[in-house]
Amino acid sequence: MKKEENKPAGKKGFSRRNFLRGTGLTAAGMVVGTKGFAGEFAPAAAPVYGPDEVPVTLSVNDGSYQTLARPDEVLVDTLRERLDLTGTKLVCGRGACSACTVMVDDKPVCSCLTLTMEVQDKKITTIEGVADGDELHPIQQAFIDEDASMCGFCTPGMIMSCKSLLDRNSNPSLDEVKKAVRGNLCRCGTYPHVFKATLKAAERMG
Amino acid sequence: MKKFTWVQPDNIDEAQRQINAVTATIATGKTIQGAAVIKAGGVDLLDLMKENIIAPAKIVSINALPGLGKIGFDEKSGLRIGALVKLSDLEENAEIKKHYAALHESVSHAATPQIRNMATLGGNLAQRPRCWYFRSEDHKCLKKGGTKCFAQEGQNQIHGIFNTEICPCVHSSSVSTALVAFGAQVEITGAKGKLRNVPLAEFFVSPQVDVTRENILERGEIITALTVPAPPKGQKSWYIKQAAKESYDWALADAAVVAQMSGDTIKDVKIVLGAAAPTPYRATAAEQLLRGQKVSEKLAVQVGTAAVEGATPLAHNAYKVPMFKAIVKECVLNLV
Ligand SMILES: Cc1cc2nc3c(=O)[nH]c(=O)nc-3n(C[C@H](O)[C@H](O)[C@H](O)COP(=O)(O)OP(=O)(O)OC[C@H]3O[C@@H](n4cnc5c(N)ncnc54)[C@H](O)[C@@H]3O)c2cc1C
Ligand code: FES
Ligand code: FES
């Protein structure tokens, strides 16, 4: 794993363009030499990746990471196993509990059903990117103050859902908070505390 | 998940060259050399792969195909939704909320906020059933090319109450319940850009036609859009989904009612039940009762009863009958 702090957060991480640049000469040579293509527009075939590891570039929490991933690798595994970002949790792996919630282009999604290959040109935010250095985000502080975490396994996903709500709506109603965490399962039953914490955070953020 | 190769073409011809199978075919165990299937949001596809129901050799991501991510609305020509539009985009669309209330309701009650941010409309229509026997690697059921439907005598709580003889799996797209009631059409692009437009109601395939698949899609065909007719004057609609828990869950019963009203008299109406049959189910007898009538509590109850006429519930799902009666009644009352 290599982290390049200074590189601008990779916008065009997906390397189709680079790939084409790299093989451009060969492709052009082929077209010139093939009579059937004369005068026709022959679009270059899209590159096929895998099945083994390929280099990928990911933009996570404002840093750009270069690592490897297999095409069948889902984002939660890349984050946890390759980038050591273990805040994001894997529980059901089937989209049914939201423990693995991260934001892709500012929208909460399940990282257990997201192929790493397909988020290379996207902005990824994980629970590690919610605090500002040592300073907790108000939603994190409110979770502590309101005892909104018990075993803590659902907490990172829960916080991502609540933060996403607050990003969109600075003054949510109780009903809106409930809707925002609809998909987040908590086996410890912290829901009432989660609701309170989110409303409190909204109040503090004013 | 088994390993696979991955490709993301940026034009539809190239995508079609890469695709050589539909997921339904490979789920029957039929071997297709280098099976390459379509992936959109991946919510259903990856689930099937994680459960070892399918193991395609290649995934063809259609997410970079241009022009499939837009919603267009015009009072005259109606609604056009690109196949890659996410359920959350549909949910947030103000025109859909205003002109197609039942569609807005169905989308905002489907799945979780996270899944709605990932799931595309095309993938939603082409998703496979949630029957636990179908989803279990250990049960080689009819849908997977086996000889037995385990739901007939097994745990059939979530299954259908109509057309249950062959395989009582219900179609799991609750969004289609509303879309069929609006008379939506699916635009399918085949090889060489050949288009076919099919009423959504005819897109779905019943077990009598072919138990191993739920829709008419042939190899290489890509859903490119869904169109919904312009709302006629006086169109009112409503949708209700009943699930085991309120937060989010698959529908146990859902219903959409779309009516053309003149004052509080119903000129024409479509009533569609979801999670009732292998395909979205038109309750035509119930529709007949409503045509030309004024909505009243008494009539709404009768319409609810007529909607489940002829139902043949299984050993563990008779509870769905009163459930459908109740939600159809509520939908009808909601029109006025
Ligand atoms: C927890 C949970 C709850 C859910 N609840 C609901 C619910 O209440 N209501 C509901 O309706 N759904 C529900 N779903 C299902 C979800 O909406 C679908 O799985 C999703 O819409 C599939 O879309 P996708 O883009 O991810 O499709 P994919 O998984 O990418 O594809 C699904 C299938 O369609 C094919 N396909 C995809 N796009 C096209 C296309 N354009 N043309 C041709 N074939 C195509 C693929 O080959 C594949 O076989 C739920 C899912 C989960 C995980
Ligand atoms: S682990 Fe992703 S939704 Fe449960
Ligand atoms: S705190 Fe234990 S699962 Fe939520």
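Residue numbering restarts at 1 for every chain, and letters A, B, ... go by the order of the sequence lines.
The environment of CE in A:M205 is crowded: more than 12 heavy-atom neighbours from other residues, nucleotides or ligands sit within 6.0 Å. Counting heavy atoms of neighbouring residues, nucleotides and ligands inside a 6.0 Å radius, atom NZ of B:K97 does not exceed 12 of them.
Taking all atoms of both residues into account, the shortest heavy-atom contact from A:A46 to B:Q18 is O-NE2, 4.1 Å. For A:T101 against B:Q114, the heavy-atom pair with the smallest separation is OG1-NE2, 3.0 Å. Residues B:W6 and A:P71 come closest through the heavy atom pair CB-CB, 3.6 Å. Listed here is the closest heavy atom pair of A:V48 and B:T5: CG1-CB, 3.6 Å.
Heavy atoms of A:A180 lying under 4.5 Å from chain B belong exclusively to its backbone. A:R94 touches chain B through backbone and side chain together, each having a heavy atom under 4.5 Å away. Contacts between B:K39 and chain A at a heavy-atom distance below 4.5 Å involve the side chain alone, from C-beta outward. Neither the backbone nor the side chain of A:K178 comes within contact range of chain B, judged by heavy atoms closer than 4.5 Å. There is no contact between A:S164 and chain B, counting heavy-atom distances below 4.5 Å. Interface remark: A:V181 contributes no atoms to any contact with chain B (heavy atom separation under 4.5 Å).
Here the OG atom belonging to B:S247 is positioned 13.0 Å from the NZ atom belonging to A:K179, to the nearest 0.5 angstrom. Atom OG1 of B:T112 is separated from atom CG of A:N184 by 8.0 Å, given to the nearest 0.5 angstrom. Taking NZ of B:K245 as the start and CG of A:L185 as the end, the distance is 6.0 Å to the nearest 0.5 Å. Rounded to the nearest 0.5 angstrom, B:M1 CE and A:D77 CG are separated by 8.0 Å. Note that the NZ atom of B:K50 and the SG atom of A:C92 stand 8.0 Å from one another [nearest 0.5 Å]. Atom CG in B:L46 sits 9.0 Å away from atom SG in A:C112 (nearest 0.5 Å).
Between the side chain of B:N117 and the main chain of A:P108, a donor-acceptor pair closer than 3.5 Å is present. Within the 3.5 Å criterion, the main-chain N or O of A:A96 finds a donor-acceptor partner in the side chain of B:Y248.
Between B:M118 and A:V104 the shortest side-chain heavy-atom distance does not fall below 4.5 Å. Taking 4.5 Å as the limit, some side-chain heavy atom of B:I115 sits within range of a side-chain heavy atom of A:C110.
Salt bridge present: A:D52 and B:K3 bring a charged side-chain N and a carboxylate O closer than 4.0 Å.
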In sequence, state the C-alpha distance, the side-chain angles, and the governing distance for A:M117 and B:S61, and then conclude on side-chain contact (heavy atoms from CB on, under 4.5 Å). CA-CA 10 Å; A:M117 294 296 287; B:S61 163; over 6 Å; no
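Interface summary for chain A: among B:P113, B:A57, B:P9, the most heavy-atom pairs under 4.5 angstrom belong to B:P113. Among the candidates A:K107, A:M160, A:R70, A:E118, the residue making the largest number of heavy-atom pairs closer than 4.5 Å to chain B is A:E118. No other option in A:G50, A:G183, A:S161, A:G95 has as many heavy-atom pairs under 4.5 Å with chain B as A:G183.
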